[in-house]
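The structure appears below as structure tokens.
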There are 2 protein chains.
Amino acid sequence: MSRNTIQQDIICSTVKSMSTHPSPDEVFEALHKEYPSIGRATVYRVLNKLANKGEIKKVNLPHTADRFDFRTDDHIHIHCKKCNRVFDVDFHAIEGLIDYLDKVLTLNNPLKINGFEITGANFSFEGICKDCRHNKQDTV
Amino acid sequence: MSRNTIQQDIICSTVKSMSTHPSPDEVFEALHKEYPSIGRATVYRVLNKLANKGEIKKVNLPHTADRFDFRTDDHIHIHCKKCNRVFDVDFHAIEGLIDYLDKVLTLNNPLKINGFEITGANFSFEGICKDCRHNKQDTV
DNA sequence: GTCCATGCAAAGACTTTGCACTGGT
DNA sequence: ACCAGTGCAAAGTCTTTGCATGGAC
């Protein structure tokens, strides 16, 4: 039912080579020079398909467009509200948080919160990144 | 510098009367019959202004359009991925979470994570709500 | 009278979709 | 040969913006 195509391979390996949490358009731009025949709509469709298959992940951030992450392990993101970039949080003091969230989910799942079937929890930090703090005059 | 207008009063009291976490369009629809002269753009502008002033809050949910909340106290939301509605989580087992997040923020703020100045943390649950679970045949 | 806020429509950013065609199976 | 996947353009959704007008101060 599902077919393998060259486009899917190219899009998959492109997004997996980008550590910047790219938007679909950024993935499109990254492969467009080398593969100008691949269309924007295909990039959108394939990225969502890869995310549904679990090959990559959609980053769960409020108030910004979709981005994708080649890392599929649980980790936390921090979003710069000024330059709109996204970074991984790899700080030891955060380590307990994911375990805590897991515990909360386990305690309350399934169907314990307002009759919901909980399928996930979203957590992220937001702030101003190092670069933007050091360049306060810039609009970025 | 900032002026009070009738439109702002109407929009403010309208959103504060809605417990459904309305989108700007839903607020617009709610007041449009009684005040048909108020424009959609004004609703967008005023809602964001009210949120910036702290009179209301923007709900921080990934992968969905902006919604607003008349509640300004810290609490957690759960988002139904099927009908797209948002509910408050008022379940005692969740109570510790906000304190935990506060502690994490205090421990790591300021400038401790990747050189960031952290301005906030976003947390939400997602799942399928009671109504949608009981009406699985519906597209909703 | 000044000038911020509004209303409208247009534009913008992001994403999905209809349709004819291509290519994987 | 079938039909899922693709490419393109159009449309859709949500939000912002330019500009002339109106109302708060």
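What you are looking at is a predicted structure, and each value in this text was computed from that prediction instead of being measured. Computation of the quantities below employed the complete heavy-atom set of this structure, encompassing side-chain atoms and omitting hydrogens, waters and symmetry-equivalent molecules. Chain letters run A, B, ... following the sequence lines, proteins first and then strands; every chain starts at 1.
- Checked by atom type, the side-chain pair A:D88/A:H21 shows a donor-acceptor distance below 3.5 Å.
- A salt bridge does not link A:E126 with A:K82: every distance from a Lys NZ or Arg NE/NH1/NH2 to an Asp or Glu carboxylate oxygen is 4.0 Å or more.
- Listed here is the closest heavy atom pair of A:L47 and A:P24: CD1-CA, 3.6 Å.
- When the P atom of D:dG7 is taken as reference, atom OH of A:Y35 falls 13 Å away, rounded to whole Å.
- Look at CG on B:L47: it is 15 Å from C1' on C:dA5, rounded to the nearest Å.
- Here the C1' atom of nucleotide C:dC4 and the CZ atom of B:R3 are 4 Å apart, to the nearest Å.
- Look at A:K49 and you won't find any side-chain N or O under 4.0 angstrom from OP1 or OP2 of D:dA4.
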Every protein N/O lying under 3.5 Å from an N/O of nucleotides 15-19 of chain D:
residue, atom, partner, partner atom, Å
D:dT15, OP1, B:D66, N, 2.8
D:dT15, OP2, B:Y44, OH, 3.0

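- In terms of phosphate contacts, B:Q8 brings a side-chain nitrogen or oxygen within less than 4.0 Å of OP1 or OP2 of C:dT6.
- Remark: C1' of C:dC14 and CD of A:E26 are 13 Å apart, rounded to the nearest angstrom.
- Of the side-chain N and O atoms in B:S2, none sit less than 4.0 angstrom from OP1 or OP2 of C:dC4.
- Taking atom CD1 on B:I38 and atom P on C:dA5, their separation rounds to 15 Å, with Å as the unit.
- There is no side-chain donor-acceptor pair under 3.5 Å between A:N122 and B:H79.
- The side chain of B:T5 places no N or O atom within less than 4.0 Å of a non-bridging phosphate oxygen (OP1 or OP2) of D:dG23.
- Residues B:K16 and B:F70 share a closest heavy-atom pair of CA-CB, 3.6 Å.
- Atom CZ of B:F28 and atom P of C:dT6 are 14 Å apart (whole Å).
- As rounded to whole Å, 9 Å separates atom P of D:dG7 from atom CD1 of A:I10.
- Rounded to an integer number of Å, the gap from B:F68 CZ to D:dC14 P is 14 Å.
- For the pair A:Q7 and C:dT22, the criterion of a side-chain N or O lying under 4.0 Å from OP1 or OP2 is not met.
- The heavy-atom pair separating A:I56 from A:T72 by the smallest distance is CA-CG2, 3.8 Å.
- A salt bridge is absent between A:R67 and A:E26: the closest approach of a Lys/Arg side-chain nitrogen to an acidic carboxylate oxygen does not fall below 4.0 angstrom.
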